[in-house]
Amino acid sequence: MIIRNKEMAKIIKNNKVKDGIFLMSIEDNGIAKSASPGQFVHIRVSDTYYPLLRRPLSIHNTEGPVFEILYKVIGIGTKILSEKKEGEKLDAIGPLGKGFNSQLAISNSQLAIIIGGGMGVAPLYFLAKVINSKLKTQNSKLKILLGAKNKDQLIYEKFEEFGNVSLTTEDGSIEYKGLVTDLLLSTLNSQLSTLFACGPIGMLRIVKAFAIKHKIPCEMSLEENMCCGIGACLSCAVKVRTQKSEVRSQISYKYVCKDGPVFKAEEIEI
Amino acid sequence: MIIRNKEMAKIIKNNKVKDGIFLMSIEDNGIAKSASPGQFVHIRVSDTYYPLLRRPLSIHNTEGPVFEILYKVIGIGTKILSEKKEGEKLDAIGPLGKGFNSQLAISNSQLAIIIGGGMGVAPLYFLAKVINSKLKTQNSKLKILLGAKNKDQLIYEKFEEFGNVSLTTEDGSIEYKGLVTDLLLSTLNSQLSTLFACGPIGMLRIVKAFAIKHKIPCEMSLEENMCCGIGACLSCAVKVRTQKSEVRSQISYKYVCKDGPVFKAEEIEI
Amino acid sequence: MSLSVSIGSLTLKNPVILASGTCSPDLQKFTDLSKLGAVVTKSVTLNPRTGNPPPRTVETPCGMLNSIGLENPGVEKFKKEVLPDYIKYADKVICSVSGELLYEYAEVVKRLNDTDISAFEINVSCPNVERGGIEFGKDEKMVHQITKSIKSATKKPIIIKLSPNVSDIENIAKAAESGGADGISLINTLYGMAIDINTKKPKLGNITGGLSGPCIKPIALYYVYKVAKVVKMPVIGIGGIMNTEDAIEFFIAGAAAIEIGTANFVNPNTGIEIVKGLAKYNNEP
Amino acid sequence: MSLSVSIGSLTLKNPVILASGTCSPDLQKFTDLSKLGAVVTKSVTLNPRTGNPPPRTVETPCGMLNSIGLENPGVEKFKKEVLPDYIKYADKVICSVSGELLYEYAEVVKRLNDTDISAFEINVSCPNVERGGIEFGKDEKMVHQITKSIKSATKKPIIIKLSPNVSDIENIAKAAESGGADGISLINTLYGMAIDINTKKPKLGNITGGLSGPCIKPIALYYVYKVAKVVKMPVIGIGGIMNTEDAIEFFIAGAAAIEIGTANFVNPNTGIEIVKGLAKYNNEP
Ligand SMILES: Cc1cc2nc3c(=O)[nH]c(=O)nc-3n(C[C@H](O)[C@H](O)[C@H](O)COP(=O)(O)OP(=O)(O)OC[C@H]3O[C@@H](n4cnc5c(N)ncnc54)[C@H](O)[C@@H]3O)c2cc1C
Ligand SMILES: Cc1cc2nc3c(=O)[nH]c(=O)nc-3n(C[C@H](O)[C@H](O)[C@H](O)COP(=O)(O)OP(=O)(O)OC[C@H]3O[C@@H](n4cnc5c(N)ncnc54)[C@H](O)[C@@H]3O)c2cc1C
Ligand SMILES: Cc1cc2nc3c(=O)[nH]c(=O)nc-3n(C[C@H](O)[C@H](O)[C@H](O)COP(=O)(O)O)c2cc1C
Ligand SMILES: Cc1cc2nc3c(=O)[nH]c(=O)nc-3n(C[C@H](O)[C@H](O)[C@H](O)COP(=O)(O)O)c2cc1C
Ligand code: FES
Ligand code: FES
């Protein structure tokens with residue numbers, strides 16, 4: 001576990017890439033070197049008390065000692081983040097949480113499907129990159145499905161290096177018109193598939209139902225309001241159902257920051 | 001009264017002039033044109049809620065549509081102010097309060113003495129400029145006494161254009177060693193004098209006692225914690241003693257933002 | 001859609017009111033008080049009060065403490081010298097009334113019956129005075145009794161302003177209602193304190209004060225939500241309202257109207273901006 | 001000068017404690033818990049509690065609301081699976097105890113008597129549970145009774161943790177003292193709420209929650225000041241402490257020790273930084 005002290009990471013770049021969406025490159029060898037896809041960093045955007053809490057943001061990519069975050073301006077925290085300049089220091093803790101099990105893509109399937117909706121694409125680039133490099137030596141394939149409201153919100157360009165990318169927009173402004181989950185059935189050409197998903201809760205519910213119906217191993221990254229980011233406050237609870245026997249199941253909670261953000265689709269109640 | 005709407009004033013310059021002391025030039029025709037010496041502006045330094053309240057700062061000078069503030073970094077508010085850049089907009093209300101009666105310098109005396117300690121010099125440049133221009137056509141004189149802890153804290157350079165400036169520092173790093181009030185007695189060469197003072201409360205107490213002893217008309221600018229800056233909240237109270245008869249006096253409060261910041265020395269209890 | 005709202009026999013053209021102690025007629029220079037639903041006066045007492053020694057306010061994280069101490073010229077001088085300006089500028093004037101002894105509340109109200117004041121807000125919740133103020137507001141029997149005594153002293157609507165510094169605000173609100181209150185307003189400030197670590201002394205001249213501003217919004221919202229569930233009369237929400245979004249939170253929580261306090265110091269035009277914001281919000285589909 | 005401080009028979013090497021519910025052994029990865037005076041565990045109840053539905057926390061101006069709902073595995077599982085890690089990392093472990101029924105408090109304490117826990121902090125002030133919690137803490141007789149029953153169940157020092165959501169905290173503190181408490185800690189969170197104006201629903205799954213963070217510091221300081229005046233036992237100050245300066249304010253107000261809550265989420269190393277800061281402050285002339 002890497003412990004970041006205050007203001008040790010350095011901002012290398014912070015550019016707008018789409019309407020309200022920014023890409024920040026941050027130099028921090030400790031975080032960049034130990035990160036794996038699906039993990040996140042917990043960022044203090046201001047040294048005043050407003051906003052007070054850190055903001056969780058997925059690791060979008062790493063390149064040597066540098067890692068990237070891809071984020072959308074939602075409220076005050078991401079607004080302040082978007083105004084930071086090259087050269088400024090950043091107080092980031094990470095990498096945190098349990099990421100995707102990219103090994104699944106190889107050991108379990110002939111087809112790895114990555115599906116992302118909206119800002120859900122953020123952790124998926126890093127995942128695609130890792131899976132892609134592993135698959136090269138395998139007989140399996142990678143298929144990427146990305147969707148957003150419209151063209152201006154769809155982050156897909158960088159994914160095209162992996163080939164096999166399908167795009168959807170709700171307004172049809174690029175490729176298919178509709179929801180990204182609409183593509184799932186036609187993509188699924190083999191029972192030996194694995195699904196990796198990140199996106200809005202509505203999308204994840206569809207993906208989960210699909211995976212269970214088709215009995216496909218599926219991992220998905222969840223979001224929940226966080227405080228500590230390290231398992232101390234019990235804030236980021238998600239319901240899990242443990243099957244105690246055929247007829248009895250039990251509800252309890254797991255934590256996005258510590259047990260997740262990536263969970264197996266079948267274990268979570270969403 | 002000029003009403004400033006949000007973010008209408010424009011920062012022209014914001015430079016460090018001494019250790020921790022900044023000079024900001026702000027373009028705002030309304031404020032600059034109607035300001036008189038001793039008045040202040042009430043500035044919102046951040047559009048978040050931390051810090052929440054406006055900060056009162058004296059008008060240091062005006063030049064056409066531009067006014068200046070001279071301020072020391074004390075806490076979070078002035079810190080944020082000092083980081084603002086040329087071209088940014090500023091939410092300033094003003095000019096507020098009742099300033100110095102510079103007319104006193106002419107109608108009442110042969111010698112106008114301006115005495116400032118520490119950041120108390122801030123409103124005095126504007127005052128000196130106005131008095132100086134009036135005195136040119138008169139037979140009276142202007143004498144300026146300025147003091148600070150040390151050379152690095154003493155703002156005096158611009159005052160020298162008026163001639164007749166004496167300086168003190170507590171550590172003797174420039175001119176006289178001691179308190180600026182030490183110079184009062186030797187400066188006073190005529191009973192027909194008027195005193196204008198601004199500075200720390202300890203200094204003002206000495207000035208007040210001096211003025212009363214020598215029966216000199218004296219005006220002084222006070223500070224008190226403010227919220228509204230316009231007489232609505234009753235926050236910035238200063239004690240005044242009203243002489244009801246030879247033997248009976250009565251305590252009540254006046255308000256720095258509305259009745260002041262400039263008061264007659266004899267009316268206030270400090 | 002009209003923004004108008006009624007509290008007893010009083011109808012306000014919109015639900016945006018400026019809170020007691022945070023707006024004086026001086027505000028007219030920076031905003032247009034006549035465009036607001038109403039303005040509440042600084043609390044008035046029977047006899048003049050000099051108020052507490054300075055410093056009287058201090059900033060805190062996302063808020064502020066005040067210990068003004070109900071400074072006011074007393075009801076007679078208020079009537080002659082202060083009230084006329086409020087009446088001149090504001091569409092409706094609600095007069096805030098406080099007292100050190102129980103009978104004083106009704107007495108102040110009686111002396112103001114012949115004025116153009118539209119309603120009374122009874123401040124039984126000031127944390128900054130030694131006698132009276134909040135002590136009355138902590139006890140449901142006392143609140144009931146004060147409300148009844150004032151109700152019998154005036155035909156104008158009366159609003160009881162409650163303190164959050166209590167164990168059981170719901171029963172206190174119900175006691176006001178059964179005593180004849182036409183409306184309830186909440187919250188007044190919370191007890192607070194700040195210390196200067198250099199001098200090792202309290203930052204306020206009065207040692208302790210009342211906390212207001214955005215920091216108390218979640219607390220205010222909670223109490224409004226709780227009280228609105230148990231009373232039938234209109235609830236006026238107060239506490240940390242800085243903009244239209246904050247105001248809407250209070251309406252969803254059950255408030256019929258809102259009062260703006262500390263925000264007036266930050267932006268004296270807040271009230272009008274919220275009136276405009278609400279009009280826009282109401283017209284959206 | 002030593003920073004050590006005693007609460008009953010317990011001596012802490014410094015007066016900096018991490019507050020219940022805001023630090024778990026997980027924090028050890030980001031700071032060194034053994035350098036702190038003590039760590040208070042998440043509140044433990046007799047039976048397991050699943051806690052409240054998410055969202056469980058929401059940010060507010062200079063603060064946050066939480067409605068965790070005392071989620072914990074129950075005393076037996078706590079003892080076996082959670083406590084050992086606390087004991088391993090922290091110099092002293094104070095165990096926070098809560099209950100739905102009165103007898104549960106003493107029962108939990110009894111079952112933990114044979115552990116290396118150094119003291120108990122009795123949480124009669126949680127605003128996030130339907131039964132028990134704060135309801136016990138609002139009534140001085142109840143606080144007296146709970147304190148007595150726990151005192152007779154253990155030889156370890158007991159600290160009663162009070163709520164600010166009451167009319168008369170001084171008498172409640174005195175009731176704890178006369179019941180045999182060794183120390184008093186305050187404040188727990190304040191009732192609060194936040195509403196999402198888009199969905200028109202409360203932002204917390206549990207509707208209401210408890211407010212903590214810098215925004216409540218002035219309130220906490222007030223109550224510490226008031227309580228420290230009326231009790232002889234040590235007072236532990238809690239509420240919005242973010243740095244050494246904040247901590248010093250509480251010591252000047254009368255606290256013997258302090259607890260750090262929300263700040264742990266912002267900077268998990270806050271505790272150690274304050275220990276260092278206090279050492280420096282104490283050595284200055
Ligand atoms: C594990 C994880 C990874 C994430 N990765 C990304 C990413 O790579 N790119 C990206 O754009 N967004 C990501 N998010 C969402 C991102 O954290 C929020 O958009 C952000 O916190 C909003 O902060 P704000 O101050 O701008 O918004 P505000 O609405 O002002 O925030 C108010 C509070 O709510 C919390 N909050 C608001 N939205 C969310 C959310 N969706 N999830 C969790 N907390 C939220 C904030 O952290 C803050 O505490 C991630 C969330 C989680 C939990
Ligand atoms: C009428 C008037 C004119 C002033 N003119 C000048 C000037 O020209 N140049 C200059 O450097 N300073 C001036 N001051 C003082 C200046 O307002 C404070 O230094 C400033 O508010 C400090 O804010 P801060 O956030 O940096 O400090 P903090 O200590 O963080 O402020 C905390 C709170 O205390 C208030 N406060 C702190 N110090 C003072 C003070 N001395 N007077 C009033 N309130 C204070 C702040 O406004 C704020 O509300 C003036 C004060 C008044 C009342
Ligand atoms: C400086 C100041 C003075 C106040 N004076 C009074 C008063 O005289 N009477 C009263 O009922 N409330 C008084 N209040 C309380 C406000 O009316 C309001 O209830 C409180 O500030 C919470 O609202 P806010 O957070 O919007 O400020 C005062 C508040 C402040 C900040
Ligand atoms: C997420 C969270 C969980 C908490 N859980 C508990 C708890 O289980 N028991 C308890 O006594 N206090 C609990 N508290 C209250 C804190 O211990 C502390 O009293 C309060 O947060 C005020 O301190 P702060 O402002 O430093 O956070 C919790 C607070 C937070 C923020
Ligand atoms: S954010 Fe604290 S446990 Fe997950
Ligand atoms: S600052 Fe409000 S009356 Fe002076």
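Just so it is clear: chains get the letters A, B, ... in the order the sequence lines come, proteins before strands, and each one is counted from 1. This structure is a prediction, so every number in the text was calculated from the model and none was measured.
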Are A/L53 and D/M64 close enough, and set up right, to give a side-chain contact (heavy atoms from CB on, under 4.5 Å), and what steps lead you there?
CA-CA 8 Å; A/L53 299 173; D/M64 59 169 284; 4.2 Å; yes

Atom pair [atom1]/[atom2] of [X] and [Y] - distance to nearest 0.5 Å:
X	Y	atom1	atom2	value
D/F265	A/R44	CZ	CZ	14.0 Å
A/C233	D/D26	SG	CG	10.0 Å
D/M242	A/L52	CE	CG	5.0 Å
A/Y49	D/T262	OH	OG1	12.0 Å
D/T31	A/I230	OG1	CD1	9.5 Å
A/C228	D/N264	SG	CG	9.5 Å

Region of A/K239 in contact with chain D, defined by heavy-atom distances below 4.5 Å:
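Neither part; nothing is under 4.5 Å.
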
Please classify the contact of D/K203 with chain A as side chain, backbone, both or neither, using a heavy-atom distance under 4.5 Å.
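Interface part for D/K203: neither.
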
Structural part of D/C23 lying under 4.5 Å from a heavy atom of chain A
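When you check distances to chain A, only backbone atoms of D/C23 fall under 4.5 Å.
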
Between A/I251, A/L234, A/V238, which residue shows the highest count of heavy-atom pairs closer than 4.5 Å to chain D?
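Of the candidates given, the most pairs with chain D belong to A/L234.
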
If we define contacts as heavy-atom pairs under 4.5 Å, which of A/G229, A/C236, A/P51 has the most with chain D?
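The residue among A/G229, A/C236, A/P51 with the greatest pair count is A/P51.
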
Has A/N225 got a side-chain atom pairing as donor or acceptor with D/T57's backbone, closer than 3.5 angstrom?
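At least one qualifying donor-acceptor pair exists.
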
Between [X] and [Y], which heavy-atom pair has the shortest distance, and what is it?
X	Y	result
D/P53	A/Y253	CA-OH, 3.2 Å
D/T50	A/S252	CG2-CA, 4.2 Å
D/S24	A/A232	OG-CA, 3.4 Å

Between A/R54 and D/E59, is there a salt bridge with N-O shorter than 4.0 Å?
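No.
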
Please say whether more than 12 non-hydrogen atoms of neighbouring residues, nucleotides or ligands are located less than 6.0 Å from NZ in A/K264.
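No - once you tally the heavy atoms of other residues, nucleotides and ligands closer than 6.0 Å, there are 12 at most.
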
Residues, nucleotides or ligands: over 12 heavy atoms within 6.0 Å of A/K10 NZ
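No, because the 6.0 Å sphere around NZ of A/K10 holds 12 heavy atoms or fewer from other groups.
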
Any side-chain heavy-atom pair from A/I93 and D/P268 closer than 4.5 angstrom?
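In short, these two side chains touch, coming nearer than 4.5 Å.
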
